[in-house]
Amino acid sequence: MKFWLMKSEPDVFSIEDLKEKKTTMWDGVRNYQARNFMMKDMEKGDQVLFYHSNSKPPGVAGVATISKKALPDVTAFDEKSEYFDPKSTTLKPRWFCVEVKYKKKFKNYVPLNDIKDKSSLSEMKVVQKGMRLSIQPVTKKEFDIICKMGGL
DNA sequence: GCCAACGTTGGC
DNA sequence: GCCAACGTTGGC
């Protein structure tokens, strides 16, 4: 089992939205590194830190699990979708997405600043300057520390 | 709203 | 295959 951090803008899709929907296809990812993580490394049952980006303050809002391994991202085929990509075809899909399932919203939201303050979390990608990758691997240790901070 | 740090695109 | 120009992310 592996551990991940996945970013979402709460204005677009928050952990509350996921709680309501129970599961969601993590579509719209148009970055090869993030895609490769989903396509090659993510497995059903992997654990996810659900991160709120572009919010005040940014931080980890809760946990989720991967409930379905990567499938072609159908929004890339849809001309009306903002994620439409003519270079991705049903025969040769370019983009993939996993299904993410709600697990738990943190009792205590874990702001990015608190993560930055912890020396045990200084290796996390999310605290590195200029780190924009929307899907990042985390270690079990980091995952556990964040969960503890979140009151889980 | 600013802008640094990236990623992508396309001309050559 | 280089790299300048452009677009995007996301913290501040």
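Lettering of chains follows the sequences in order, A, B, ..., and the numbering in each one begins at 1. Everything numeric here is computed off the predicted structure, so don't read it as measured data.
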Send over the distance from [X] [atom1] to [N] [atom2], rounded to a whole Å.
{"X": "Glu82(A)", "N": "dT8(C)", "atom1": "CD", "atom2": "P", "value": "11 Å"}
{"X": "Lys129(A)", "N": "dC3(B)", "atom1": "NZ", "atom2": "C1'", "value": "11 Å"}
{"X": "Lys87(A)", "N": "dT8(B)", "atom1": "NZ", "atom2": "P", "value": "11 Å"}

Ring centre gap for Tyr32(A) and Trp95(A) strictly below 6.0 Å: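 Yes, the ring of Tyr32(A) comes within the 6.0 Å limit of the ring of Trp95(A), centre to centre.
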Ion pair Lys21(A)/Asp17(A), N-O distance below 4.0 Å: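 No, Lys21(A) and Asp17(A) are not salt-bridged.
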Could you go over nucleotides 9-12 of chain C and give all protein N or O partners under 3.5 Å, atom names and distances?
| residue | atom | partner | partner atom | Å |
| --- | --- | --- | --- | --- |
| dT9(C) | O3' | Arg132(A) | O | 3.4 |
| dG10(C) | OP1 | Lys7(A) | NZ | 3.0 |
| dG10(C) | OP1 | Arg132(A) | O | 2.5 |
| dG11(C) | OP1 | Tyr51(A) | OH | 2.7 |
| dG11(C) | OP2 | Asn54(A) | N | 3.0 |
| dC12(C) | OP1 | Lys116(A) | NZ | 2.4 |

Heavy atoms of other groups near Gln128(A) CD, more than 12 under 6.0 Å: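 Atom CD in Gln128(A) is crowded, with more than 12 foreign heavy atoms closer than 6.0 Å.
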Neighbour count above 12 (heavy atom, 6.0 Å) for Lys2(A) NZ: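 Yes, because the 6.0 Å sphere around NZ of Lys2(A) holds more than 12 heavy atoms from other groups.
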Intermediate values then yes/no, salt bridge (Lys or Arg N to Asp or Glu O under 4.0 Å), Lys105(A) and Glu16(A): CA-CA 8 Å; Lys105(A) 184 185 168 180; Glu16(A) 291 293 340; 2.5 Å; yes
Polar pairs (N or O, both sides) under 3.5 Å between protein and nucleotides 4-6 of chain C?
none

Side chain to side chain donor-acceptor pair (under 3.5 Å) between Thr75(A) and Arg30(A), intermediate numbers included: CA-CA 11 Å; Thr75(A) 64; Arg30(A) 296 294 178 265; 3.1 Å; yes
Short side-chain to backbone donor-acceptor contact, Tyr109(A) and Pro57(A), under 3.5 Å: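 Present.
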Along DNA chain B (nearest heavy atom to each residue), the more 5'-positioned of Arg30(A) and Gly130(A):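 By nearest-heavy-atom nucleotide position, the 5'-most residue is Gly130(A).
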Aromatic plane relationship, Phe50(A) with Phe13(A) - under 30° parallel, 30 to 60° tilted, over 60° perpendicular: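 Rings of Phe13(A) and Phe50(A): tilted, 30 to 60°.
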